[in-house]
S.K.: 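This is the structure I have questions about; it appears just below.
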Amino acid sequence: MRLKDKLPLSYLLFTTRGRIHRSTYWLVSAFIWSTFYVLHTILYDFVSEGSTYILYPLLIGSLVATANKRLHDTNHSGYWLLAILIPVLGPLWLIYQLGFRRGDKHQNLFGTVPNEAADYFKNDNGQPVPHSAPERIINDVTQLNPVVVADVFRPKSVDELQERLRNTTGPVSVGGGRFSMGGQTASSGSLHIDMRGLNQVIQFSKEDRRITVQAGIRWCDIQRFVDAHDLSVKIMQTYANFTVGGSLSVNCHGRYMGHGPLILSVRSIELVLADGSLVQASRTENSDVFFGTIGGYNGLGIIVSAELDLEDNLAVRREYHNLPRSDYRTYFADTIRDNPEAVFHNGDMYPPTYTNMRAVTWVKTTEKPTVKTRLMPLRESYPLERYFMWAFTETAAGKWRREHIVDPLLYLAKPIHWRNYEAGYDVAELEPRSRTKRTYVLQEYFVPVRHFDTFSAKMSEIFNRYQVNVINVSVRHALPDSGSYLAWAREEVFAFVVYYKQRTNDVAKNTVAIWTRELIDAALSVGGAYYLPYQAHATSEQFHQAYPNARKLFALKKNLDPDFRFHNVFWDTYYQPFLSTGLTG
């Protein structure tokens with residue numbers, strides 16, 4: 001291992017998260033003390049004794065950060081550093097723990113085994129309910145939607161999944177990576193099916209540029225597989241942690257130009273119905289099941305495999321253009337929409353005024369990539385990203401500094417990436433230290449291209465009136481989806497991806513619900529829609545106005561799942577009332 005890999009200094013010296021081996025601890029400790037000695041000598045000899053005092057906070061901070069991670073390797077919290085206050089025995093115990101005790105051989109409460117292959121951020125397997133086994137608490141990444149389920153089952157094969165469904169009769173919920181942010185992966189008292197055990201590549205054809213995978217596989221796993229063949233995923237979301245089944249269930253999209261919803265790259269799917277039977281569906285075979293399942297939030301059955309289109313893995317170069325929001329629609333139409341060289345595009349709208357934008361486009365290039373790796377390198381921690389997220393949302397003029405200082409500096413570079421690299425981001429870079437009192441959440445609104453300016457003005461007024469702590473509004477483009485029953489792009493649209501910070505108390509949750517419904521009305525007023533994977537704040541009337549074919553999907557569900565076995569927050573909220581009144585037809 002190269003020294004720079006063994007000593008990632010920003011991680012080792014400035015964070016307390018994760019684990020390190022004792023050998024790494026000795027190495028980094030020697031580095032800290034030798035660096036301190038050299039700097040102390042230089043300052044003492046050439047400046048003054050007083051100038052050396054600035055080194056001590058850095059010394060103590062780096063020693064504490066390193067010791068925290070070493071204690072984590074032995075499954076001890078960093079608070080055990082306080083043992084140093086116990087005369088004699090405390091320091092001796094710490095010396096043994098830090099310098100001589102072997103670390104845990106397996107994953108523990110503080111992370112994976114050090115020096116194992118880096119991996120993407122994952123949500124847990126559910127939290128045990130004290131004195132109530134086998135019940136577990138299933139939550140999504142926001143930690144806003146804890147749901148107590150009866151049990152968690154992770155099938156290792158499709159046969160095993162079918163057998164479990166045939167031998168049970170109660171409600172079932174389905175989850176993968178659990179990055180949906182509104183409880184769409186769980187329902188109270190259900191048997192929760194965790195699909196992450198079904199994660200294999202089934203079939204691959206380089207010549208046909210297609211791949212068939214199990215639904216529990218993550219996009220990053222597909223990228224690792226196809227990159228060696230100079231191929232890339234055709235359509236996926238920006239972050240690669242999500243499972244394919246989860247992405248299909250919400251019919252996701254990304255920053256890809258000339259594309260749109262994920263369904264446009266899907267050739268066929270297989271799903272297991274409530275009675276345990278296996279069904280194959282495509283645009284020509286069981287088309288109603290195909291268009292009802294993709295974007296159908298696991299209401300019809302459990303997706304177990306999918307055949308997907310691939311594209312060439314090309315080098316892409318970043319370009320950007322700063323402009324007023326009022327000029328963006330014209331700029332996009334004239335410069336980006338029909339540009340065959342554009343691969344990725346998004347327009348970042350700066351809060352709190354929302355009047356300025358940065359249009360970012362990655363275009364095809366024959367130039368050599370400026371990064372050495374073909375896939376996104378993964379890190380245990382993102383200290384700078386975490387700091388900037390905190391600064392943007394919690395400090396005075398934080399958003400102004402981002403727009404006028406931080407981003408201009410970041411965009412001085414002119415990177416060239418592989419397409420797979422640029423499509424391989426890890427949500428760990430967005431993950432705060434804690435989500436107990438505050439959490440980061442997404443929402444999304446889809447607006448016909450011609451109404452960009454009208455909706456933008458309404459959106460900014462609502463955000464400012466409610467003082468929403470918006471971090472970013474990222475504008476994407478999507479072509480129409482004419483098939484899926486819950487199509488959010490029934491015509492060409494701009495997607496407004498809103499990333500914001502909220503408190504986790506009840507008052508904050510209720511406030512979010514109020515301004516969310518106002519934003520939904522703003523989108524509906526211009527013929528748009530809102531995205532369903534997030535908190536179910538929309539009224540039933542708003543839902544049906546945004547998704548006029550929902551009743552067709554409800555009727556199909558009634559036929560395929562007559563006993564209403566497949567549950568989650570979405571189906572419990574919008575389908576169950578119709579089921580009880582007999583209005584599903």
Side-chain angles (χ1 to χ4, degrees), residues 238 255 257 318-337 339 342 344-362 388-412 430 440-478 492-502 511-512 514-531:
T238 300
R255 297 171 291 149
M257 282 306 306
R318 187 178 70 189
E319 299 177 349
Y320 70 90
H321 182 67
N322 294 330
L323 71 168
R325 185 187 77 201
S326 57
D327 294 343
Y328 178 75
R329 185 163 68 96
T330 301
Y331 167 80
F332 179 85
D334 294 343
T335 310
I336 306 300
R337 185 188 183 280
N339 180 0
F344 302 101
H345 174 81
N346 58 280
D348 289 332
M349 194 178 294
Y350 286 109
T353 64
Y354 307 97
T355 56
N356 297 325
M357 296 185 65
R358 184 184 297 271
V360 182
T361 309
W362 292 82
F388 283 126
M389 291 288 281
W390 172 83
F392 297 156
T393 57
E394 298 292 340
T395 64
K399 293 178 174 62
W400 183 92
R401 293 198 307 275
R402 178 201 170 187
E403 178 180 352
H404 298 287
I405 299 176
V406 177
D407 274 9
L409 291 174
L410 292 176
Y411 279 90
L412 287 176
L430 303 176
Y440 298 102
V441 191
L442 277 169
Q443 290 189 14
E444 192 164 353
Y445 300 88
F446 306 101
V447 175
V449 168
R450 63 188 181 279
H451 293 305
F452 172 85
D453 297 305
T454 302
F455 178 77
S456 298
K458 292 183 177 183
M459 178 193 70
S460 59
E461 188 277 329
I462 292 170
F463 284 153
N464 284 313
R465 177 155 44 90
Y466 285 96
Q467 298 181 322
V468 183
N469 194 354
V470 175
I471 302 165
N472 186 59
V473 179
S474 180
V475 179
R476 320 286 176 83
H477 175 262
E492 185 179 349
V493 298
F494 281 126
F496 290 73
V497 184
V498 180
Y499 195 52
Y500 66 97
K501 190 175 187 178
Q502 71 168 85
T511 301
V512 169
I514 292 169
W515 62 253
T516 297
R517 286 189 283 270
E518 288 197 28
L519 270 177
I520 292 172
D521 281 337
L524 294 175
S525 71
V526 294
Y530 67 99
Y531 206 15

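No hydrogens, no waters, no symmetry mates; every other heavy atom, side chains included, goes into these values. Since this is a predicted model, take the numbers as computed values, not measurements.
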S.K.: Rounded to the nearest 0.5 Å, what separation is found between the CD1 atom of I462 and the OG1 atom of T516?
M.R.: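 It is 9.5 Å, given to the nearest 0.5 Å.
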S.K.: Looking at E444 and R476, is any side-chain nitrogen of the basic one under 4.0 Å from a carboxylate oxygen of the acidic one?
M.R.: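 Salt bridge flag = no for E444 with R476.
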S.K.: Assess whether side-chain contact (heavy atoms from CB on, under 4.5 Å) is satisfied between T335 and H321, documenting all intermediate values.
M.R.: CA-CA 11 Å; T335 310; H321 182 67; over 6 Å; no
S.K.: Do the side chains of Y440 and I471 get nearer than 4.5 Å, heavy atoms only?
M.R.: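 Side chain of I471 against side chain of Y440, heavy atoms only: contact under 4.5 Å found.
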S.K.: In chain order, what residues pass the salt bridge (charged side-chain N to carboxylate O under 4.0 Å, His left out) check against D521, with sequence neighbours excluded?
M.R.: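 Listed in chain order: nothing, the list is empty.
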S.K.: Quick one: are V473 and M459 in side-chain contact, heavy atoms under 4.5 Å?
M.R.: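 Yes; the side chains approach each other to less than 4.5 Å.
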S.K.: Closest heavy-atom contact between F455 and A523?
M.R.: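 Of all heavy-atom pairs spanning F455 and A523, the closest is CE1-N, 3.7 Å.
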S.K.: Could you tell me whether the side chain of N472 reaches within less than 4.5 Å of the side chain of R402, counting heavy atoms only?
M.R.: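 Touching, per the 4.5 Å side-chain cut-off.
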S.K.: What I want to check is whether the side chains of D407 and Y350 have a donor and an acceptor closer together than 3.5 Å.
M.R.: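 Yes, Y350 and D407 have a side-chain donor paired with an acceptor closer than 3.5 Å.
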S.K.: Parallel, tilted or perpendicular, judged at 30° and 60°: which one describes the rings of F463 and W515?
M.R.: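 Judged by the thresholds at 30° and 60°, the geometry between F463 and W515 is perpendicular.
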S.K.: May I have the step-by-step check of side-chain contact (heavy atoms from CB on, under 4.5 Å) for Y499 and L430, ending in yes or no?
M.R.: CA-CA 10 Å; Y499 195 52; L430 303 176; 3.5 Å; yes
S.K.: To check you understand the geometry: which heavy-atom pair defines the closest contact between A457 and S460, and what is its length?
M.R.: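 Shortest heavy-atom contact: O-OG, 3.0 Å.
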S.K.: Kindly write out the residues that satisfy side chain to side chain donor-acceptor pair (under 3.5 Å) with S326, not counting sequence neighbours, or none if the list is empty.
M.R.: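 Applying side chain to side chain donor-acceptor pair (under 3.5 Å) to S326 gives none.
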S.K.: Can you list the residues that meet the ring-ring contact (aromatic ring centres under 6.0 Å, His included) rule with F452, with sequence neighbours excluded?
M.R.: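 Y328, F494, F496.
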S.K.: Is any side-chain heavy atom of L410 closer than 4.5 Å to a side-chain heavy atom of V406?
M.R.: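 Yes, at least one pair of side-chain atoms sits under 4.5 Å.
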S.K.: Do E394 and K501 come within less than 4.5 Å of each other through their side chains, counting heavy atoms only?
M.R.: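 E394 reaches K501 side chain to side chain.
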S.K.: Verify, without hydrogens or angle tests, whether H345 (side chain) and V360 (backbone) share a donor-acceptor contact under 3.5 angstrom.
M.R.: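 It does hold such a pair.
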S.K.: Return the minimal non-hydrogen interatomic distance between Y466 and T511, and the atom names on each side.
M.R.: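 Minimum heavy-atom separation between Y466 and T511: CD2-CG2, 4.4 Å.
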S.K.: Identify the heavy atoms of P408 and R358 that sit nearest to each other, and give their distance.
M.R.: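 So the minimum-distance heavy-atom pair works out to N-NH2, 3.8 Å.
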S.K.: Between N469 and T393, what is the shortest heavy-atom contact and its length?
M.R.: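 Smallest heavy-atom distance, with atoms named: ND2-O, 3.1 Å.
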S.K.: Between R450 and E492, is any pair of side-chain heavy atoms under 4.5 Å apart?
M.R.: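 No; the side chains remain at least 4.5 Å from each other.
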S.K.: Determine whether V512 and Q443 make a side-chain contact, defined as any pair of heavy atoms from C-beta on separated by less than 4.5 Å.
M.R.: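 SC-SC contact between V512 and Q443 confirmed.
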S.K.: CE/M357 to OG/S456 distance, rounded to the nearest 0.5 angstrom?
M.R.: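 These two atoms lie 7.0 Å from each other.
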S.K.: Between CZ of F388 and CZ of R401, what distance do you get to the nearest 0.5 Å?
M.R.: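 F388 CZ to R401 CZ: 9.5 Å, rounded to 0.5 Å.
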S.K.: Compare all side-chain heavy atoms of V475 with those of F332 and state whether any distance is below 4.5 angstrom.
M.R.: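 Of all side-chain heavy-atom pairs linking F332 with V475, none is under 4.5 Å.
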S.K.: Could you check whether any side-chain N or O of N464 sits under 3.5 Å from a backbone N or O of P352, counting only pairs where one atom can act as donor and the other as acceptor?
M.R.: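 Between the backbone of P352 and the side chain of N464 there is a qualifying donor-acceptor contact (under 3.5 Å).
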S.K.: Looking only at heavy atoms, which two atoms of K458 and S525 are closest? And how far apart?
M.R.: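 Closest heavy-atom pair between K458 and S525: NZ-OG, 2.9 Å.
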S.K.: Walk me through it: do W362 and N346 pass the test side-chain contact (heavy atoms from CB on, under 4.5 Å)?
M.R.: CA-CA 9 Å; W362 292 82; N346 58 280; 5.6 Å; no
S.K.: To the nearest 0.5 angstrom, please state how far the CZ atom of R329 sits from the CG atom of D334.
M.R.: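 R329 atom CZ to D334 atom CG measures 10.5 Å (nearest 0.5 Å).
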S.K.: With side-chain contact (heavy atoms from CB on, under 4.5 Å) as the test, would you mind laying out the steps for R325 and M349 before giving the verdict?
M.R.: CA-CA 8 Å; R325 185 187 77 201; M349 194 178 294; 4.0 Å; yes
